[in-house]
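So that the names make sense, note that chain A is the first sequence line, chain B the second, and so on, each numbered from 1.
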There are 2 protein chains.
Amino acid sequence: MSAVYSIRDLAREFAVTTRTIRHYEEQGLLSPKREGAVRVFSNRDRVRLKLALRGKRLGFPLNEIRELFQLYDLAKDEKGQLMEFLAKLEKRRATLEQQREDIAVMLNEITFFSGQCQRLIASNANKEGQKAA
Amino acid sequence: MSAVYSIRDLAREFAVTTRTIRHYEEQGLLSPKREGAVRVFSNRDRVRLKLALRGKRLGFPLNEIRELFQLYDLAKDEKGQLMEFLAKLEKRRATLEQQREDIAVMLNEITFFSGQCQRLIASNANKEGQKAA
DNA sequence: ATAATCATTGACGTTTACGTAAACGAGGAC
DNA sequence: GTCCTCGTTTACGTAAACGTCAATGATTAT
């Protein structure tokens, strides 16, 4: 445990550019140690990067993700922050449930249209077959 | 049926600005008729706006949404387009399933952290109560 | 020792998705 | 008749999330 990673390690593992990782540090999502000028990433950084990328896939802006990270850190100590963190979590939950609903609808639509397409293609194939016959 | 809508009608209904709707027209997502210079939106436009906004909530770029609309239109006529449409649908499906998985994970995390928070708050409340007692 | 690879910072560029302001016309309300 | 409200176009502005050099330095491979 207590593994360390170079910027390239993480970039490879998560299929992002090193620029992205540096950008995330600039934005306060990651806070790697330094050996001289060189960034040294911990497991904590790795986890945060994973969380950030999951958020990104769902379209969450980096500053919201950063806020959640910050609140999570603060929440350990201060109590007011705990409530605030909780509130943000519930907002996030609401967004996610809206998204889940959106996804359900779109997947149904896709299944429907996909079926339509395949039937059309199949019937066209029949016509082609008849021409050939 | 065959209802018509002003730009403001749609803006109100979907809680977006008129600027957004004009932008979507510029980007080829909507194609309202005109009475003189004034846009007149049909049910088709209304549906497309709804679809576009659903896509937006899931972080899809406008040009992808436009492509799907275009392919859907073309697919009725040409057969090659049908296959292409089908392919895009499957790609979209894959993305959506990734997102669905992401959402499931995040909702679990939120439920976990939310529980943690509430327990901490409750125990703090106890301490406060003991102080008061 | 020289090339290849990895790292750094700095800074300007780009795309997306609109916001925002300017300047204007058409139709009702009072 | 003038003030709202709604509509239009043109066009510059902006925030986010990086991309893309450029210039430089430390390690490693051969």
Side-chain angles (χ1 to χ4, degrees), chain A residues 3-42 45-46 48-70 92 95 98-99 102, chain B residues 3-42 45-46 48-70 92 95 98-99 102:
Chain A
V4 296
Y5 311 91
S6 74
I7 194 170
R8 194 145 297 255
D9 291 337
L10 291 184
R12 260 195 289 266
E13 176 172 2
F14 294 106
V16 296
T17 66
T18 59
R19 178 68 179 92
T20 297
I21 294 179
R22 291 196 189 95
H23 183 58
Y24 287 7
E25 184 189 3
E26 282 175 25
Q27 299 306 307
L29 298 181
L30 307 173
S31 35
K33 304 252 166 61
R34 299 288 182 132
E35 276 179 12
V38 177
R39 274 165 264 254
V40 179
F41 296 86
S42 67
D45 294 309
R46 206 190 84 114
R48 295 207 160 191
L49 179 55
K50 191 195 293 196
L51 292 173
L53 293 175
R54 184 149 51 219
K56 181 194 166 189
R57 285 197 297 272
L58 294 173
F60 292 106
L62 296 187
N63 61 62
E64 278 191 29
I65 299 170
R66 183 193 51 212
E67 280 182 50
L68 275 181
F69 286 172
Q70 287 175 345
R92 174 65 57 99
T95 303
Q98 169 69 64
Q99 288 186 303
D102 287 333
Chain B
V4 296
Y5 311 90
S6 74
I7 193 171
R8 195 147 295 256
D9 291 337
L10 292 184
R12 260 194 289 266
E13 178 172 1
F14 294 106
V16 296
T17 66
T18 59
R19 177 68 179 91
T20 297
I21 295 179
R22 291 197 189 94
H23 182 58
Y24 286 7
E25 184 189 4
E26 282 175 26
Q27 299 305 308
L29 298 182
L30 306 174
S31 35
K33 304 253 167 59
R34 298 287 182 134
E35 277 178 14
V38 176
R39 274 165 263 253
V40 179
F41 296 87
S42 66
D45 293 310
R46 207 191 82 113
R48 294 207 161 192
L49 180 54
K50 190 195 295 195
L51 292 172
L53 292 175
R54 185 149 50 219
K56 181 195 167 189
R57 284 197 298 272
L58 294 172
F60 292 106
L62 296 186
N63 62 60
E64 278 190 30
I65 298 172
R66 183 192 53 214
E67 278 182 51
L68 275 181
F69 286 171
Q70 288 174 346
R92 174 64 59 100
T95 303
Q98 170 69 64
Q99 288 186 302
D102 286 334

Quiz: residues 57-65 of chain A side-chain donor-acceptor pairs under 3.5 angstrom, not counting sequence neighbours:
{"unit_1": "A:R57", "atom_1": "NE", "unit_2": "B:D102", "atom_2": "OD2", "d": "2.6"}
{"unit_1": "A:R57", "atom_1": "NH2", "unit_2": "B:D102", "atom_2": "OD1", "d": "2.8"}
{"unit_1": "A:R57", "atom_1": "NH2", "unit_2": "B:D102", "atom_2": "OD2", "d": "3.4"}

Per-pair distances, 0.1 Å, donor-acceptor, side chain in residues 23-33 of chain A, under 3.5 Å, sequence neighbours excluded:
{"unit_1": "A:E25", "atom_1": "OE1", "unit_2": "A:R39", "atom_2": "NH1", "d": "2.4"}
{"unit_1": "A:E25", "atom_1": "OE2", "unit_2": "A:R34", "atom_2": "NH2", "d": "3.2"}

Under 3.5 Å, side-chain donor or acceptor atoms of residues 7-16 of chain B against the rest of the protein: list the pairs with distances, not counting sequence neighbours.
{"unit_1": "B:D9", "atom_1": "OD1", "unit_2": "B:S6", "atom_2": "OG", "d": "3.4"}
{"unit_1": "B:D9", "atom_1": "OD2", "unit_2": "B:S6", "atom_2": "N", "d": "2.9"}
{"unit_1": "B:D9", "atom_1": "OD2", "unit_2": "B:S6", "atom_2": "OG", "d": "3.2"}
{"unit_1": "B:E13", "atom_1": "OE1", "unit_2": "B:R46", "atom_2": "NH1", "d": "3.0"}
{"unit_1": "B:E13", "atom_1": "OE2", "unit_2": "B:R46", "atom_2": "NH1", "d": "2.2"}

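Judged as a salt bridge (charged side-chain N to carboxylate O under 4.0 Å, His left out), and not counting sequence neighbours, the contacts of B:R54 are A:E109. B:Q70 is linked by a side-chain hydrogen bond (donor to acceptor under 3.5 Å, both in side chains) to nothing, counting only residues two or more places apart in sequence or in another chain. Residues forming a side-chain hydrogen bond (donor to acceptor under 3.5 Å, both in side chains) with B:T95 (at least two apart in sequence, or on another chain): none. Residues forming a side-chain hydrogen bond (donor to acceptor under 3.5 Å, both in side chains) with A:R66 (at least two apart in sequence, or on another chain): none.
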Identify all pairs in which a protein N or O lies below 3.5 Å from an N or O of nucleotides 3-6 of chain D, and state each distance.
none

Below 3.5 Å is the cut-off: list the nitrogen or oxygen pairs between protein and nucleotides 14-19 of chain C, distance only.
{"unit_1": "C:dA17", "atom_1": "OP1", "unit_2": "B:L62", "atom_2": "N", "d": "2.9"}
{"unit_1": "C:dA17", "atom_1": "OP2", "unit_2": "B:L62", "atom_2": "N", "d": "3.4"}
{"unit_1": "C:dC18", "atom_1": "OP1", "unit_2": "B:K56", "atom_2": "NZ", "d": "3.2"}
{"unit_1": "C:dC18", "atom_1": "OP2", "unit_2": "B:Y24", "atom_2": "OH", "d": "2.7"}
{"unit_1": "C:dG19", "atom_1": "OP2", "unit_2": "B:T17", "atom_2": "OG1", "d": "2.7"}
{"unit_1": "C:dG19", "atom_1": "N7", "unit_2": "B:R19", "atom_2": "NE", "d": "3.2"}
{"unit_1": "C:dG19", "atom_1": "O6", "unit_2": "B:R19", "atom_2": "NH2", "d": "3.2"}

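Rounded to whole Å, atom C1' of D:dA16 lies 13 Å from atom CD of A:E26. Taking atom CG of A:L49 as the reference point, atom P of D:dC18 lies 11 Å away to the nearest angstrom.
Residues of residues 28-41 of chain A that place a heavy atom closer than 4.0 Å to DNA chain D do not occur.
Taking the side chain as every heavy atom from C-beta outward, A:L51 and A:F69 approach each other to under 4.5 Å. Taking the side chain as every heavy atom from C-beta outward, B:L49 and B:L53 approach each other to under 4.5 Å.
A distance of 5.5 Å separates CZ of A:F41 from CD1 of A:I21, quoted to the nearest 0.5 Å.
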